[in-house]
Amino acid sequence: MPAYRQSVSWWCFTPALLSPEQFVRAAAEIGYAAVELLPETYWALARDHGLAIAAVDGHASIVDGLNRRENHVRIVRELEAKIAKAEAWGIANLICFSGSRGGLDDADGIAATAEGLALVARRAEDAGVALVLEVLNSKVDHPDYHADHTAWAVEVCRQVGSPAVKVLYDIYHAQIMEGDILRTIAAHHCWFGHYHTAGNPGRHELDEHQEINYAPIFAAIAATGYSGYIGHEFIPKGDPITGMRAAFALAQAG
């Protein structure tokens with residue numbers, strides 16, 4: 001049995017495919033430890049079904065993010081408020097975003113992002129909450145997003161130097177931008193605080209109709225001793241509960 005736990009992303013299933021009640025009931029019955037990216041209105045519903053909350057957005061927005069210092073006052077205020085809520089609700093991770101490149105070079109964007117996260121890192125440490133900087137692809141889904149390669153986000157974490165600041169390694173996005181998933185996990189897993197999954201292309205189920213071979217990826221993550229969450233963030237083409245169950249079983253095999 002792998003040491004990691006599994007979560008599943010709300011927005012991929014609810015409300016388009018399942019009601020909130022159907023979604024959390026299915027997640028709990030399948031064996032998920034947590035759900036994530038759900039509106040605060042439904043945090044209590046998840047808890048009532050025995051589910052933790054693995055991650056929520058820490059601040060706005062994907063486009064106007066931490067790589068511009070003029071955003072820091074707002075983002076720090078938003079993160080401080082979310083850290084307090086995360087501490088109260090036992091939420092493990094707050095997702096953070098670099099913002100769009102907008103002509104910035106990498107060194108300046110990395111430095112600014114690290115400076116912004118450093119402003120709240122100690123507060124997150126004290127609360128036992130991780131600030132996870134998400135790697136997103138700039139090729140298909142998020143044009144001009146700055147933190148579009150693993151090395152970029154890892155360097156931010158190096159510069160902050162806090163155990164509370166980690167990378168959200170989204171396997172779907174990383175596959176689009178750079179591939180080399182197994183070697184990246186082996187080399188950089190100590191910087192990874194959370195994982196996301198989905199099939200590529202299309203961000204659908206983790207099945208044989210897409211190009212990512214997830215079984216060895218889950219085995220590689222398990223081999224590192226990782227004990228945090230792997231969050232499934234795929235949009236099902238087929239029956240949503242069947243997809244949730246299949247992803248759980250695949251990852252549980254480790």
Side-chain angles (χ1 to χ4, degrees), residues 1-10 12 24 26-38 43 46-47 49-56 58 83 86-87 89-96 121 124-135 150 153-154 157-158 160-175 180-199 205-207 212-234 243-254:
M1 293 284 289
Y4 57 69
R5 295 157 288 171
Q6 295 188 59
S7 61
V8 60
S9 290
W10 176 279
C12 302
V24 296
E29 289 175 353
I30 290 166
Y32 282 94
V35 292
E36 59 182 271
L37 295 172
L38 66 166
W43 291 0
R47 186 174 62 183
H49 283 76
L51 295 163
I53 301 169
V56 297
I83 289 167
E87 183 177 22
W89 283 84
I91 299 171
N93 301 293
L94 295 177
I95 301 174
C96 301
E125 290 175 28
D126 292 344
V129 175
L131 308 176
V132 290
L133 177 62
E134 186 162 19
V135 175
T150 305
V154 166
C157 294
R158 289 186 200 276
V160 178
S162 167
V165 176
K166 298 285 188 178
V167 175
L168 196 176
Y169 186 63
D170 189 306
I171 296 162
Y172 160 77
H173 290 292
Q175 172 72 4
D180 208 21
I181 304 298
L182 295 179
R183 195 172 1 239
T184 299
I185 290 169
H188 299 298
H189 66 86
C190 63
W191 299 104
F192 295 170
H194 192 42
Y195 289 86
H196 276 169
T197 76
E205 289 92 336
L206 319 184
D207 60 19
I212 307 176
N213 186 6
Y214 268 102
I217 291 172
F218 292 136
I221 296 170
T224 69
Y226 175 71
S227 60
Y229 289 103
I230 293 178
H232 300 300
E233 196 182 20
F234 62 88
M244 289 169 63
R245 185 176 289 112
F248 181 87
L250 182 60
Q252 197 67 9

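All values derive from a computational prediction rather than experimental measurement. Heavy-atom basis, side chains included; hydrogens, waters and symmetry copies ignored.
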Exercise. Got a sec, which residues hit side-chain hydrogen bond (donor to acceptor under 3.5 Å, both in side chains) with E205, two or more places apart in sequence or on another chain?
Worked result: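 Applying side-chain hydrogen bond (donor to acceptor under 3.5 Å, both in side chains) to E205 gives none.
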Under 3.5 Å, side chain of [X] to main-chain N/O of [Y], donor-acceptor pair present?
{"X": "W191", "Y": "T150", "answer": "no"}
{"X": "E233", "Y": "H196", "answer": "no"}
{"X": "H194", "Y": "Y229", "answer": "yes"}
{"X": "R5", "Y": "S227", "answer": "yes"}
{"X": "N93", "Y": "A54", "answer": "yes"}

Output the distance between atom [atom1] ([X]) and atom [atom2] ([Y]), rounded to the nearest 0.5 Å.
{"X": "C12", "Y": "E36", "atom1": "SG", "atom2": "CD", "value": "9.0 Å"}
{"X": "L206", "Y": "L250", "atom1": "CG", "atom2": "CG", "value": "6.0 Å"}
{"X": "S7", "Y": "F248", "atom1": "OG", "atom2": "CZ", "value": "11.0 Å"}

Considering non-hydrogen atoms only, spot the tightest contact between [X] and [Y] and give its length.
{"X": "L168", "Y": "Y195", "result": "CD2-C, 4.3 Å"}
{"X": "A46", "Y": "V35", "result": "CB-CG2, 3.8 Å"}
{"X": "E125", "Y": "A164", "result": "CG-CB, 3.6 Å"}
{"X": "V8", "Y": "Y32", "result": "CB-CE2, 3.9 Å"}
{"X": "L182", "Y": "P216", "result": "CD2-O, 3.5 Å"}
{"X": "G243", "Y": "F234", "result": "O-CZ, 3.4 Å"}

Exercise. Is there a side chain to side chain contact (heavy atoms under 4.5 Å, CB included) between I91 and I53 once you walk through the steps?
Worked result: CA-CA 5 Å; I91 299 171; I53 301 169; 3.8 Å; yes
Exercise. When you look at I181 and N213, which way does the side chain to side chain contact (heavy atoms under 4.5 Å, CB included) test go after all the steps?
Worked result: CA-CA 10 Å; I181 304 298; N213 186 6; over 6 Å; no
For this session: Please lay out, stage by stage, how Y214 and D207 fare under the test side chain to side chain contact (heavy atoms under 4.5 Å, CB included).
Result: CA-CA 8 Å; Y214 268 102; D207 60 19; over 6 Å; no
Pairwise side-chain contact, [X] with [Y], heavy-atom cut-off 4.5 Å (strictly under):
{"X": "I171", "Y": "I212", "value": "yes"}
{"X": "L131", "Y": "L94", "value": "yes"}
{"X": "I95", "Y": "L37", "value": "yes"}
{"X": "H232", "Y": "M244", "value": "no"}
{"X": "V154", "Y": "V167", "value": "yes"}
{"X": "E134", "Y": "Y169", "value": "no"}
{"X": "W89", "Y": "V56", "value": "no"}

Problem set entry | Sequence-distant partners of Y172, ring pair (Phe, Tyr, Trp, His ring centres under 6.0 Å), two or more places apart |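 Result, ring pair (Phe, Tyr, Trp, His ring centres under 6.0 Å) vs Y172: none returned.
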For this session: Can you tell me which residue pairs pass the salt bridge (charged side-chain N to carboxylate O under 4.0 Å, His left out) test with a partner in residues 182-198, sequence neighbours excluded?
Result: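 Salt bridge (charged side-chain N to carboxylate O under 4.0 Å, His left out) check on residues 182-198 returns D180-R183.
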For this session: Go through the structure and list residues passing side-chain contact (heavy atoms from CB on, under 4.5 Å) with E29, not counting sequence neighbours.
Result: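 Testing E29 for side-chain contact (heavy atoms from CB on, under 4.5 Å), a comparison that skips the adjacent residues, returns R25.
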Problem set entry | Residues which pass salt bridge (Lys or Arg N to Asp or Glu O under 4.0 Å) with R245, listed by chain and number, not counting sequence neighbours |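 R245 satisfies salt bridge (Lys or Arg N to Asp or Glu O under 4.0 Å) with no residue once adjacent residues are dropped.
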Listing, residues 218-225 side-chain donor-acceptor contacts under 3.5 Å, not counting sequence neighbours, or none:
residue : atom : partner : partner atom : Å
T224    : OG1  : I221    : O            : 2.6
T224    : OG1  : Y226    : N            : 3.3

